[in-house]
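Down below is the structure, laid out as structure tokens.
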Number of protein chains: 2
Amino acid sequence: MSAFKPLDPLLHSQLRLAVMSLLIGLDEAEFTFLKEKTESTAGNLSVQLDKLEKAGYIKIEKSFRDKRPLTTCSITPMGVKAFEEYVENLKNYIS
Amino acid sequence: MSAFKPLDPLLHSQLRLAVMSLLIGLDEAEFTFLKEKTESTAGNLSVQLDKLEKAGYIKIEKSFRDKRPLTTCSITPMGVKAFEEYVENLKNYIS
DNA sequence: TAAATTGGTTTATATCATAAACCAATTTAT
DNA sequence: ATAAATTGGTTTATGATATAAACCAATTTA
């Protein structure tokens, strides 16, 4: 019991975890919203969103609004599962 | 409320967190015990213990037992505080 | 006395997080 | 009209980090 299960390295990152934490409670979120909430730089956020998308944890949709580019993110079922598993595993470390 | 407070980078590491998690429940622990429990390599563990010690989070004592080197670790009050704060901050991310 | 084991440390490497630099388009100021 | 600033990002560079691999000294076993 209570062994230290490995923590998904993709989620064990402050910014990516914060993003997932936000997305899990929302239908979708815009790039700028995530940037504000996480207080990250655009560059860092862009890179980390890419990684989450490549892992299949989030979906990224690009469109235009008021002639401006608009990036919208949402968590996937895979992402939800990964997040929940990460949290479960983490509990062994902090309880 | 529920802002993403920064996570102490020294604790936001799987192995170091596991070590702290073990030490917080014990008076002291031997190197080999930590190695077994965390399923880490000796090299990795050695490096991470060094970092925790340099941060003042743990105390490392070296002695001999049965003519063999014996490394014993214990958490410091500073370490306890840092761990507790880390856990508190982490909760914003996973709840 | 050679080989294996114990209990580690040091070094090398590959990955990661992050910031800095950049880019295209739009809006605002002159 | 055009230059400067802003928006909404992406790409690139770099320094830190985690980890494994190599190493070392002493002891024990074959």
Side-chain angles (χ1 to χ4, degrees), chain A residues 4-22 28-55 57-74 82 86 89-90 93, chain B residues 4-22 28-55 57-74 82 86 89-90 93:
Chain A
F4 295 111
K5 302 245 186 74
L7 300 174
D8 184 342
L10 241 127
L11 294 183
H12 199 62
S13 137
Q14 190 168 326
L15 183 47
R16 288 194 299 270
L17 189 62
V19 166
M20 293 293 281
S21 176
L22 287 167
E28 53 178 35
E30 295 171 16
F31 186 95
T32 52
F33 171 84
L34 294 174
K35 182 169 173 293
E36 277 165 32
K37 285 292 181 182
T38 59
E39 295 173 78
S40 63
T41 62
N44 192 8
L45 182 57
S46 181
V47 169
Q48 307 311 328
L49 288 180
D50 258 20
K51 290 184 186 179
L52 289 173
E53 188 189 30
K54 268 164 193 151
Y57 290 179
I58 68 171
K59 187 167 53 109
I60 300 183
E61 285 182 302
K62 285 170 192 307
S63 59
F64 285 87
R65 183 177 54 192
D66 300 338
K67 301 181 184 173
R68 299 284 180 77
L70 177 68
T71 299
T72 310
C73 309
S74 57
Y86 173 82
N89 289 342
L90 191 59
Y93 292 76
Chain B
F4 296 112
K5 300 245 186 76
L7 300 175
D8 184 344
L10 241 127
L11 294 183
H12 199 63
S13 137
Q14 190 168 325
L15 183 46
R16 288 195 299 271
L17 189 63
V19 166
M20 293 293 281
S21 175
L22 287 167
E28 51 177 38
E30 296 171 15
F31 186 96
T32 51
F33 171 83
L34 294 174
K35 181 170 173 293
E36 277 164 32
K37 286 290 181 181
T38 60
E39 296 173 78
S40 63
T41 62
N44 192 8
L45 182 57
S46 180
V47 169
Q48 307 310 328
L49 288 180
D50 258 19
K51 290 185 186 179
L52 289 173
E53 189 189 29
K54 269 165 193 152
Y57 290 178
I58 67 171
K59 187 166 53 111
I60 300 183
E61 283 182 302
K62 284 168 193 306
S63 58
F64 284 88
R65 183 176 56 191
D66 301 338
K67 301 181 185 172
R68 300 282 179 76
L70 177 68
T71 299
T72 310
C73 309
S74 57
Y86 172 82
N89 288 343
L90 192 59
Y93 292 77

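Computed from heavy atoms alone, side chains included, the values below leave out hydrogens, waters and symmetry copies. Convention: sequence-line order gives letters A, B, ...; per-chain numbering from 1.
Nucleotide D:dT28 forms a Watson-Crick or G-U wobble pair with C:dA3, both donor-acceptor distances falling under 3.5 Å. Base pairing of C:dT11: its partner is D:dA20, meeting the Watson-Crick or G-U wobble criterion (both donor-acceptor distances under 3.5 Å).
In this structure, the nucleotide among D:dT19, D:dG9, C:dA19 sitting nearest to the side chain of A:Thr71 is D:dG9. When distances run from any side-chain atom of A:Thr41 to the nucleotides D:dT11, D:dT19, C:dA19, the shortest one goes to C:dA19. Residue A:Lys62 has its side chain nearest to D:dT10 when only D:dT11, D:dT10, C:dG8 are considered.
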*asked:* Within the 4.0 Å limit for protein heavy atoms, which parts of nucleotides 23-28 of chain C are touched? Write it as a string from 5' to 3', B for base, S for sugar-phosphate only, - for none.
replied: ---SS-
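Distance CG (A:Leu45) to C1' (C:dA17): 13 Å, rounded to an integer number of Å. Atom CG of B:Asn44 is separated from atom C1' of C:dT10 by 13 Å (rounded to the nearest Å). Distance, B:Gln14 CD to D:dT19 C1': 12 Å, rounded to whole Å. Taking atom CG of A:Leu49 as the reference point, atom P of D:dT11 lies 13 Å away to the nearest angstrom. Summarising the geometry, the separation between CG on B:Leu15 and C1' on D:dT17 is reported as 12 Å, rounded to the nearest angstrom. The distance between atom CD of B:Glu30 and atom P of C:dG7, rounded to the nearest whole Å, is 9 Å. Rounded to whole Å, atom P of C:dG7 lies 17 Å from atom CD1 of B:Ile60. Summarising the geometry, the separation between CG on A:Leu34 and P on D:dT10 is reported as 12 Å, rounded to the nearest angstrom.
Nucleic acid contact class of B:Leu70 (heavy atoms, under 4.0 Å, all strands): sugar-phosphate only. Residue contacts for A:Ser13: at a heavy-atom cut-off of 4.0 Å it reaches the sugar-phosphate backbone alone, with no base atom in range. Contact annotation for B:Arg16: backbone-only contact, meaning every heavy-atom pair under 4.0 Å involves sugar-phosphate atoms and none involves a base.
Place A:Gly43 and B:Asp50 on DNA chain C by their nearest nucleotides, and B:Asp50 ends up nearer the 5' end.
Side-chain nitrogen and oxygen atoms of B:Gln48 include at least one within less than 4.0 Å of the OP1 or OP2 phosphate oxygen of D:dA18. For B:Lys51, a side-chain nitrogen or oxygen approaches OP1 or OP2 of D:dA18 to under 4.0 Å. The phosphate of D:dT10 has neither OP1 nor OP2 within less than 4.0 Å of any side-chain N or O from A:Lys35.
B:Arg16 places no side-chain N or O within 3.5 Å of a backbone atom of B:Leu45 that could act as its donor or acceptor partner. No side-chain donor-acceptor contact under 3.5 Å links B:Ser74 to the backbone of B:Glu28. Under the 3.5 Å distance criterion, the side-chain polar atoms of A:Ser46 are left unmatched by any main-chain donor or acceptor of A:Ala42.
The distance from the OH atom of B:Tyr93 to the CG atom of A:Leu22 is 10.0 Å, given to the nearest 0.5 Å.
Closest approach of B:Ile60 and B:Cys73 over heavy atoms only: CG1-SG, 4.3 Å.
Using modelled atom types, one finds no donor on one side chain facing an acceptor on the other under 3.5 Å when comparing B:Lys35 with B:Ser40.
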_side-chain contact (heavy atoms from CB on, under 4.5 Å) assessment of A:Leu17 paired with B:Phe4_ = CA-CA 10 Å; A:Leu17 189 62; B:Phe4 296 112; over 6 Å; no
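Contact of the A:Leu70 side chain with the A:Thr32 side chain is not registered, since no non-hydrogen atoms from C-beta on lie closer than 4.5 Å.
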